[in-house]
Amino acid sequence: MNTIKTEVYTILEDAIRAAVAAGELAISEVPTIPFSPTKTPEHGDIATPIALGLAKQARMAPRNIAEIIRKHIDPAAHPIIRKIDIAGAGFINIHLSDNWLYDTLQTIAAMQAAYGSSDKGAGKRVQIEFVSANPTGPLNIVSGRAAAVGDTLVNLLNAVGYEAIREFYVNDAGGQVERLGESIDVRYRQVLGEEGLEIPEGGYQGEYLTEFAQTIVETDGDSHLQLEKDKRVALFRDKGIAHILSQQRASLERFKVDFDVWTSEQAIRNSGKPEEIMQTFREKSYLYEAEGATWFRMSDFGDDKDCVVIRQNGEYTYFVPDAAYHRDKFDRGFNTVIDLFGPDHQGHISRLKNFVKALGLPDDWLEISIIQQVNLVDAEGNRLDMSKRRGQFFTLDALIDELAETVGEEFAVDVARYFFLMRANNTHLDFNMELALTHASENPVFYIQYAHARCCSIFEQGGEHGIVAKPIEEVSLQQLNEPIEHELIRKLAEFPSIVLLSAETREAHRVPHYLHELAGIFHPYYNQHRVLDSEDLEKTYARLILVQSVQTVLKNGLTLLGISAPESM
RNA sequence: ACGCCUAUAGCUCAAUUGGAUAGAGCAACGGACUUCUAAUCCGUAGGUUGCAGGUUCGAGUCCUGCUAGGCGUGCCA
């Protein structure tokens, strides 16, 4: 499709040039020619509103301009063009010959698992940092959404020629993990019978820390009580981080997300980078002392107030290691860095970008998207209050457990990933538990997977009757002449541009929608037209090629989403 | 108070980034299994795109002002 678009583009461009040369069109230069999507076959295969865009400059009615452009295209010289219509306000609708549809099938057959991919990214290196949950508790469902989105974006970017990696930033330093240590200390002593203790302000109340404290008591007994409190809290902090981190890793593994790099905040703090960037800031006079702390002139960058970078107690606030971390990312040679933040980090976006600017890094080098919150809802859209049901916040594991009870473990991850991916990142996501648990076609995941399974089933059935798909060169593709077959192929042809657009706009949700649409054409086709027909083998072989193509695209799409493509259901 | 995000069918969301008649899925109603898997299909119904202006050939999309909701504005991360 892309090469065909390029070809048509050139034809149109030449036609406009010719019209200008002939003095029929008074414009100074040929603008970029936009293509508008064709919503119905009546509008042809490729359409452009270019005549509308030129109307003002040329001081002519759009339809007249369109006529002039058409006049300068010689249909005989371009066999891929079947006919050109002018419609509506002056749209130029180009109908291609059926051969381009068959070319699409050739391309799919040739590329197989690579169909949909391209080299647009030219090997540019991209890092996506996501999840990066504090090691203070289990991953929640928003982290799950971020995991699904980040993982898929990396897949998409790699598919279109970037070299993208997944990275997790472990916040294993600072006040929050201190409070983790203190919280575990309280639970530990409570398990050993001490009374009147309370989880400190800002600490972690969750049941999971009591369970963890119990395992410490089981293995170490009360031996830690002999330590001074500071040392004991530090010990518990480190034990807690290691424990919770391993749980988070296990959850992610179950969710089929495999990070390439785990970076420790503590390691960044120890690397000397924070001191380096502070030196840079100091040299640029971005810092000043006040009220016993060191401040950064954030207001110079348009923020409404400055912020503290070194506290009264001499410690860095999280800004410093975070800025140092991004300096480190840049030093590692990434052309683009994408951070996916949780909904509670909105205030951090402009500041982090300002720090990056203060470090002298390019403006567009860092992209930050917010992955908005997730609500679990019932079929009527009423919010399910998980805290009442579980006595704690809803975790990713608990969600998958609940899904697995009904749809089975192997589909639970598929369903969760699909539901997390089906919405644009910056919108709140209502996770319809009832629909997710539906073991039927209403569930969009199964609808798509079932389409794939049906494709597989056709080949299995064919095999049993001695009908095996032939190589595409030996098949008469002209047999594919039903309107719905053409519609299917048109849809298949869209796939590469969907992948490219999703990758470049970082909007993964387009892929699930696309797959649902593709399945939505395949299922009716399956019902209306028999593929295997021993009375008409020529048609059967042609249709088998089409089914193979659908199967390939469904599988490629699902793979990008990290969702399985079952061969039977 | 300020900042960011959101507002589209009863519900949840799309709309190829300014293009043609705004599309899907749930939910509702009526039909189709001697058939390559009914986890499917066919049909019916559903809209002043929150409100008011503006920009232009053309606005769900861009600008301004309202209204409603979510989140964010700590020497927490």
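Chain letters run A, B, ... following the sequence lines, proteins first, then strands; residues in each count from 1. Just so it is clear, the structure is predicted and the values come from calculations on it, not from any experiment.
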Can you tell which of A:Y169, A:F319, A:Y316 makes a ring pair (Phe, Tyr, Trp, His ring centres under 6.0 Å) with A:Y325?
A:Y169
Looking at [X], I'd like to know whether one of its side-chain N or O atoms comes within less than 4.0 Å of OP1 or OP2 on [N].
X      : N      : value
A:R423 : B:rA14 : no
A:R510 : B:rA15 : yes
A:H529 : B:rU35 : no

Nearest-nucleotide pick for [X], side chain only, options being [options]:
X      : options                : value
A:T505 : B:rU17, B:rG19, B:rU21 : B:rU17
A:N426 : B:rU6, B:rC57, B:rU17  : B:rU6
A:A293 : B:rC75, B:rU17, B:rC4  : B:rC75
A:R351 : B:rU73, B:rC42, B:rG3  : B:rU73
A:H516 : B:rU56, B:rG25, B:rU17 : B:rG25
A:T427 : B:rG19, B:rU6, B:rA39  : B:rU6
A:Q372 : B:rC5, B:rA39, B:rC4   : B:rC5

How would you label the glycosidic angle of B:rC66: syn (within 90° of 0) or anti?
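The base of B:rC66 is oriented anti (glycosidic angle more than 90° from 0).
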Can you see which heavy atom on A:G90 is nearest to which on A:A66, and at what distance?
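Heavy atoms of A:G90 and A:A66 come nearest at O-CB, 3.8 Å.
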Minimum heavy-atom distance between A:K491 and A:Y514, given as atom pair plus value
O-OH, 2.6 Å
Lys/Arg-Asp/Glu bridge criterion (N-O < 4.0 Å) met for A:K329, A:D339
yes
